[in-house]
Amino acid sequence: MSVPLLSRLSREGRAPAVGSEPTLPSAEDLRAHLDKQVRIAGRGFWKQPLAVAGVIILGLWLVAGVFAPWIAPYDPLAQDAARFLPPGGDHLMGTDSLGRDVLSRIIHGVRITVPYAVIIVAVSTAIALVVGSIAAYAGGWVDEVLMRITDIFLALPSIVLAMIVAAAIGPGLENAVIAIIIVAWPPMTRIVRSLVLSIRSRDYVTASRLLGASSSRTLVVDFGPNLIGSVVVVAMIEISQRILLLAALSFLGLGAQEPTPEWGRMVSDGAAILDRWWVATFPGLAILTVVLAFNLIGDTLRDTVDPQVSKQVKE
Amino acid sequence: MGVRSSFWLFVIKRLGISVFLLWGVATIMFLAARLVPGDVISVMLGEEAAADPVARQAMIERFGLDRPVPEQYYLHMTNLVQGDFGISMRTRGPVADELARAVPASLELGILAGLISAILGIFLGTLSALQRGKLADQLIRVVTVTGISVPLFWLALVALYVFSFKLQMFPGIGRLSPGVAPPPTATGMYTIDALLAGQLGTFADAFMHLLIPGAVLAVFTMTLITRFTRSAVLEVLNEDYVRTARAKGLTSVRILFAHVLRAAFVPIVTVIGIMFGAVLAGAVLVEEIFNFPGIGQMMFRSAVFLDMPGMIGIGLVVAVIYVGISFVTDILYGVIDPRIRVS
C-alpha cells in the first residue's frame, strides 16, 4: 500500500528517492489524503475560540451592513438632532457636530468599509495572480524585471505612497481605493510568486506529473485548488490591513468626503474636539472590531489550513 | 583575501540595489506628479498664486513645464540629486529646510518607539514561546492580534484624551511644555541636546512629551516583534543543542540566555528594518495628533493641503531612510551570517 509514502509526504516536504518505493500512490489516493487533511484543518478552525469569536463579530457586522436601513435608528445623513448630544437617551452613541446620529452613521459605515476593502483585495489579488504566476513560470529576466518593479513599490511605506497617489489623482473614496490597489498589488505579487514556486515543487504535483497527468490536468486538479486556497488565506489577512489603510486615508482627508459616513472620516471629525469623545471613539471601535475579526479568522486559517502560507507571508 | 573581497563585492552589490530602488521611487513620484488632473501649475501653486503671471512663469521655468516630458524628467532628477526637493506650497519655503528640522524630531520619537517595542516584544515573544499553548501564550496572542488591528490614529486620540486630558498624567501636545525653552541645538533631538547642555529639567519635560506618542507608535511594531520572537524562539527550542543542554542539567535560565536567545537574535535583527519602516508609517498618522513637528506631521499637513511638491519631497526622504535602513540591516546580516552574501 501507499501509506508509508503518504505519511512521509505530509511529514516532510521532500520527494522520496526514485525507486525507493515499490508502488506510487494513485492521484485519487493523493486527493483523498489531501481532502482529509483539509477536513482535519477545518475541524481545528472551529475548535479555536478566537477564530469563532472572529466569525461571530464579522457575522454581526455583515448583518448590520446588509440590513442597515432597517436596523439604524435614524437616517445617517439627517441633521435632525441637537449638535454634540452625549451618548444615552434617544441617541445611544450621541450626535456629531452636525447633529447626526453617530450610531446610525456607524451602522451605515459597514456598507462602505467592507465592500471597498473586498474590492481592493480582489483586484490587487487578481493582478498579483497574473503577474506573480508569470514571474514564477517564466523565470529568468522576466522574473527579474517584475520582481525589481515590486521592490521599488516596497521601498516606501505603503501609506506614504498611497497618500501621494491619492493626492495626485484627487481626494475621494474611489480614488483612495485606486491608490490602495496601486500599493497593494506588489507585496501580494511576491507572495503569489513564492506560493507558485513552492507548490510547483511539492510532491503531489511532481507525483501527478510522474503519473502521466497532462499539464492542464496538473494545473486544474493539483495546482489551482492549492494556490487558490493559500491565496484566500493571505487575502483574509490582507483585507484587515487594507481596511486600516482606507480608514487612514479618509482620516487624512484623502478618502471619503463629507457627508459619507465612513469610519476614518468620522474619527477625524472628532479629532479636534476631544472633550466630545464619543464622536471619534465609537467609529474607531468599529474599525478595530471589524479589522480584529478579519485578523482572527485569517490568522487561524493560516495556522490550521495552510501552514505553508505562514512561511511565505513571514518572508 | 578572497573572503574580504567577496564581502566588499556584496556591499557594492547591495549599494547598487539601493541606488536603483531610489531611482525607481523618484521615477514613480515624477509619474505621480504628472497624474494630477487639470492644470498642474494651479495644483502646485494653489489657485490664488497661479493667477499671478510672475509666479506662473517662475514655476514653468523651475520645472521646465513648457519643455517635453523627457526633459522635465531630467530636470526633476538633477534637482533631486542636488538635494533640492522643491518648494512646499504650504510653507512657501524649501522642503529640504523644513525636513532638516523635522528629521531629528522624528528620529528621537522613532528611537524611543523602537526601544519600547523591542524590549516589550522580545520579552512577550519569549514568554509566549516558553508557555506555548498555555494561558499566557493565549493572552499574548489576543494582545498581538489586537495590536495589529487597532487604527493608530484612533489609538493616539484615545491615549491623548485619557492620559493627558482626563488623568493629566502626561503633558499634552508638542515637544516641550509652554514656557520651556528648547535646548541649544546640537543634534536637533531635544532629549539628547538637553542632556548635552546639562539641562535636566528640559530633558525630563522633552522625555515626558515623547512617552505617549512613542508608546502609541510602538504598538504595531511590538506585535511584529512579539510574533517574530515567538517563532524564532520556538524554532531554537527544538534544536538538538538546546535539548542537549537541558539533558546536561543546565538551568533553564542559563539555557534561555546562552543558547536560545543568542540563536534567535539573528532573525530578530532583520525585523528591525521592518520595524523602523512601520514606525515611520505610523508617524504620519500619529505625530499630527500630538502636534509633534516631525516628518509624519509634515506629510500629514502636506496631504491636507494637497501640497504635491511637499509630499514628493517627504516621500523621497522617507524612501532614503527606508532603503538606507534595509541596506544597513542587510550588511549587518551579511557580517553576522556570511552565507547570506552568496545568495
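Chain letters run A, B, ... following the sequence lines, proteins first and then strands; every chain starts at 1.
- In this structure, CZ on B/Phe20 lies 4.0 Å from CD1 on A/Ile152, to the nearest 0.5 angstrom.
- Here the closest heavy-atom approach between residue B/Ala32 and residue A/Ile164 is recorded as CB-CG2, 4.0 Å.
- No other option in A/Val165, A/Asp275, A/Leu161 has as many heavy-atom pairs under 4.5 Å with chain B as A/Asp275.
- In plain terms, the two heavy atoms of B/Val304 and A/Leu252 that are nearest each other are CG2-O, 3.8 Å.
- Taking both residues in full, the closest heavy atoms of B/Arg141 and A/Asp299 are given as NH2-CB, 3.6 Å, listed atom of the first, atom of the second, then distance.
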Please tabulate, for the side chains in residues 274-287 of chain B, all donor-acceptor contacts under 3.5 angstrom to protein atoms that are two or more places apart in sequence or on a different chain.
residue: B/Glu287; atom: OE1; partner: B/Gly294; partner atom: N; Å: 3.4
residue: B/Glu287; atom: OE1; partner: B/Ile295; partner atom: N; Å: 3.4
residue: B/Glu287; atom: OE1; partner: B/Gly296; partner atom: N; Å: 2.8
residue: B/Glu287; atom: OE1; partner: B/Gln297; partner atom: N; Å: 2.9
residue: B/Glu287; atom: OE2; partner: B/Ser106; partner atom: OG; Å: 2.8

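- Residue-environment remark: CD (B/Glu235) stays at or below the threshold of 12 foreign heavy atoms within 6.0 Å.
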Side-chain donor-acceptor distances from residues 149-157 of chain B under 3.5 Å, at least two apart:
residue: B/Ser149; atom: OG; partner: A/Asn295; partner atom: ND2; Å: 2.8
residue: B/Ser149; atom: OG; partner: B/Val145; partner atom: O; Å: 2.7
residue: B/Trp154; atom: NE1; partner: A/Ala280; partner atom: O; Å: 3.3
residue: B/Trp154; atom: NE1; partner: A/Thr281; partner atom: O; Å: 3.1

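- Interface summary for chain B: among A/Ile149, A/Thr289, A/Leu285, the most heavy-atom pairs under 4.5 angstrom belong to A/Leu285.
- Interatomic distance, A/Leu156 CG to B/Leu21 CG, rounded to the nearest 0.5 Å: 10.0 Å.
- Annotation: maximal heavy-atom pairing with chain B below 4.5 Å, among A/Val160, A/Leu292, A/Ile159, occurs at A/Leu292.
- Minimum interatomic distance between B/Phe220 and A/Gln241 (heavy atoms only, all atoms of both residues): CE1-OE1, 4.2 Å.
- Residue B/Tyr161 touches chain A through both its backbone and its side chain, counting heavy-atom pairs closer than 4.5 Å.
- Contacts between residues 179-190 of chain A and chain B, defined by a heavy-atom separation under 4.5 Å, are made by no residue at all.
- Considering every non-hydrogen atom in both B/Val323 and A/Ala155, the closest pair reads CG2-CB, 3.8 Å.
- The contact between A/Pro171 and chain B is made entirely by side chain atoms (from C-beta outward), counting heavy-atom distances below 4.5 Å.
- Among all heavy-atom pairs drawn from A/Met163 and B/Met311, the shortest one is O-CE, 3.4 Å.
- When the salt bridge (Lys or Arg N to Asp or Glu O under 4.0 Å) test is applied to A/Glu144, the partners found at least two apart in sequence or on another chain are A/Arg148.
- Taking the side chain as every heavy atom from C-beta outward, B/Ile148 and A/Ser240 never approach each other to under 4.5 Å.
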